[in-house]
Number of protein chains: 2
Amino acid sequence: MSIAKRRLSPEESRGMALAAARDLLIETGPQSVTLKAVAGRIGRTHANLLHHFGSASGLQKALAAYLSDEVCGMIAQAIQKSRTGEGSVRDIVDLTFDAFDKQGGAALWSWMMLTGNEDALDPIVDAIHALVDDIGEAGHDDREKHDDTLALVLMALGDALIGDRLSGSLGLPRDSARDMAERQLADALERWKCEHES
Amino acid sequence: MSIAKRRLSPEESRGMALAAARDLLIETGPQSVTLKAVAGRIGRTHANLLHHFGSASGLQKALAAYLSDEVCGMIAQAIQKSRTGEGSVRDIVDLTFDAFDKQGGAALWSWMMLTGNEDALDPIVDAIHALVDDIGEAGHDDREKHDDTLALVLMALGDALIGDRLSGSLGLPRDSARDMAERQLADALERWKCEHES
DNA sequence: AGGGCTGCTTACATAAATGTCAATAGCGAA
DNA sequence: TTCGCTATTGACATTTATGTAAGCAGCCCT
């Protein structure tokens, strides 16, 4: 067997590196997303990542865009299900919470806040904006819609960061935050509906 | 005038260093809380901080305890006001949100999550627990009480992290998250009251 | 006033992250 | 098969954060 290294296309290399960086970010936090650590995960050297991404901050920006795409994809799913009417309120809540938790949205957002790289978050904000504009029936008060969406997103982010710890301490089941969010969103939808009929 | 440095007591030095570290944490994030940066703020050297705190992680632990005390103090205020009945619902919401935002609770929590130093958060979690046990009238369902408190804290943390950015994007006033939380908490208190009477 | 305790500093050492550059070596194309 | 392009690497250099050790210098105490 050859000890020689397979030569990957730039797209392959970047894709593998970003996936590894994403896993590192979710598993052990932003601190551990270094050139050396990411390179080690894909059997390359840190100089290789510099070749493909130009700089460490280049890798960070690419990772932010990559994660934004994933999170936006999940939100787009929520929009689709909501439109066709096959999605339950709980589905929307779960998708939103998962986007921040399992998909690494919370870790990304925290990281960007820490590094002062807030511009990288624009795509996610835009996607959330689109979700708000499309969800539920049209024609009711935008202000209320935005308020309820804001509450949902804030709870999803908070839950991803400290939900595990806090709910455990309060003796609540792990998904009680999702239950709360589901209840509040259901109330909001009902409220919107009534206003629309009246 | 003498260029000689005034000699501070260990308590003074530690106090000044922790205040400087807290400001740095809130202003520019956990990354910038380094021995050199903190020392520079109080006109000392990084070796001085090592002398007083033993190590960088010693400073981190001390800062976590320091901020925990501040946050717990604010929560204790909320408990007092709630007990004597002079505190409005909005006061409780504002105190909670400020504890995470202006007091640096959110920055601290994010930092601890990133550095895997979650034990330092125990005091805050305990204080929140105490707040929950004391707030409102006694005798009603603990589960619901805990649920509503969880929602309040999660929204406060989320708002401190991304509230500014998200509410701006959605065209909402900056304090709309607090308005939402106030509404939800008022509903919850009303609900608890009714259950207690029935 | 003088001596000891210790806050404080300077100088040096170390480790990790980032970045540069020349050289090597796959892989497709002629 | 050979050639050229470029992905890849190893060996540097630099910066920053952390840590160590020895000496200087306030301040209290006698």
Side-chain angles (χ1 to χ4, degrees), chain A residues 1-21 23-25 27-64 111-112 114-117 120, chain B residues 1-25 27-64 107 111-112 114-117 120:
Chain A
M1 40 187 166
S2 77
I3 46 171
K5 208 136 248 174
R6 195 166 95 81
R7 188 190 172 100
L8 302 176
S9 75
E11 294 73 29
E12 278 176 320
S13 253
R14 285 177 60 100
M16 290 180 60
L18 290 175
D23 292 343
L24 266 176
L25 175 65
E27 288 171 16
T28 50
Q31 283 190 330
S32 60
V33 184
T34 64
L35 295 175
K36 196 168 155 190
V38 174
R41 280 226 170 182
I42 59 174
R44 293 290 187 278
T45 63
H46 84 278
N48 185 14
L49 294 187
L50 286 172
H51 171 71
H52 285 295
F53 295 96
S55 66
S57 95
L59 171 62
Q60 291 176 10
K61 287 192 179 74
L63 177 58
W111 189 27
M112 293 297 109
L114 299 185
T115 56
N117 200 353
Chain B
M1 40 187 159
S2 77
I3 47 171
K5 211 136 245 175
R6 194 167 97 82
R7 188 191 171 103
L8 303 177
S9 74
E11 294 73 29
E12 279 176 320
S13 252
R14 285 179 60 101
M16 289 181 60
L18 289 176
R22 169 183 168 281
D23 292 343
L24 266 175
L25 175 65
E27 288 171 16
T28 50
Q31 283 190 332
S32 60
V33 184
T34 65
L35 296 176
K36 197 168 155 188
V38 174
R41 281 226 170 181
I42 59 175
R44 294 288 187 278
T45 64
H46 85 277
N48 185 14
L49 295 186
L50 286 172
H51 172 69
H52 285 295
F53 295 97
S55 66
S57 95
L59 172 63
Q60 291 177 9
K61 287 191 179 74
L63 177 58
W111 190 26
M112 293 297 110
L114 299 185
T115 57
N117 200 354

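Within every chain, numbering begins at 1; the chains are lettered A, B, ... in the order of the sequence lines, protein sequences first and strands thereafter.
Between the CD atom of Gln31(A) and the P atom of dT18(C) there is a distance of 12 Å, given to the nearest Å. The distance between atom NE2 of His46(B) and atom P of dA13(C), rounded to the nearest whole Å, is 14 Å. Lys36(B) has its NZ atom 13 Å from the P atom of dT10(C), to the nearest Å.
Interface residues of residues 48-56 of chain A facing DNA chain C, ordered by number: Leu50(A), Ser55(A), Ala56(A); criterion, heavy-atom separation under 4.0 Å. Of the residues in residues 9-17 of chain B, those placing a heavy atom less than 4.0 Å from an atom of DNA chain C are Pro10(B), Ser13(B), in numerical order.
OP1 or OP2 of dT9(D) has at least one side-chain nitrogen or oxygen of Thr45(A) nearer than 4.0 Å.
When heavy atoms are screened at a 4.0 angstrom cut-off, Gly43(B) is found touching the sugar-phosphate backbone but no base atom.
Of the inter-residue distances, the one linking Glu12(A) atom CD with Arg6(A) atom CZ reads 5.0 Å to the nearest 0.5 angstrom. How far CG of Leu49(B) is from CZ of Arg14(B): 10.5 Å, rounded to the nearest 0.5 Å.
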Quick test: give all pairs of protein nitrogen or oxygen and nucleotides 27-29 of chain C nitrogen or oxygen below 3.5 Å, distance rounded to 0.1 Å.
{"from": "dC27(C)", "atom 1": "OP1", "to": "Arg7(A)", "atom 2": "N", "distance (Å)": "3.4"}

Show me the donor-acceptor pairs, under 3.5 Å and distance only, between side chains in residues 50-61 of chain B and residues at least two apart or in other chains.
{"from": "His52(B)", "atom 1": "NE2", "to": "Ser13(B)", "atom 2": "OG", "distance (Å)": "3.3"}
{"from": "His52(B)", "atom 1": "NE2", "to": "Asn48(B)", "atom 2": "OD1", "distance (Å)": "3.3"}
{"from": "Ser55(B)", "atom 1": "OG", "to": "Gly58(B)", "atom 2": "N", "distance (Å)": "3.1"}

For residues 33-43 of chain A, please give each side-chain donor-acceptor pair under 3.5 Å, one per line with the distance, not counting sequence neighbours.
{"from": "Thr34(A)", "atom 1": "OG1", "to": "Ala37(A)", "atom 2": "N", "distance (Å)": "3.2"}
{"from": "Arg41(A)", "atom 1": "NH2", "to": "Glu27(A)", "atom 2": "OE1", "distance (Å)": "2.6"}

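By the side chain to side chain donor-acceptor pair (under 3.5 Å) test, Thr45(A) pairs with no residue at all, sequence neighbours left out.
Ala107(B) and Pro30(B) get closest at one heavy-atom pair: O-CG, 4.2 Å.
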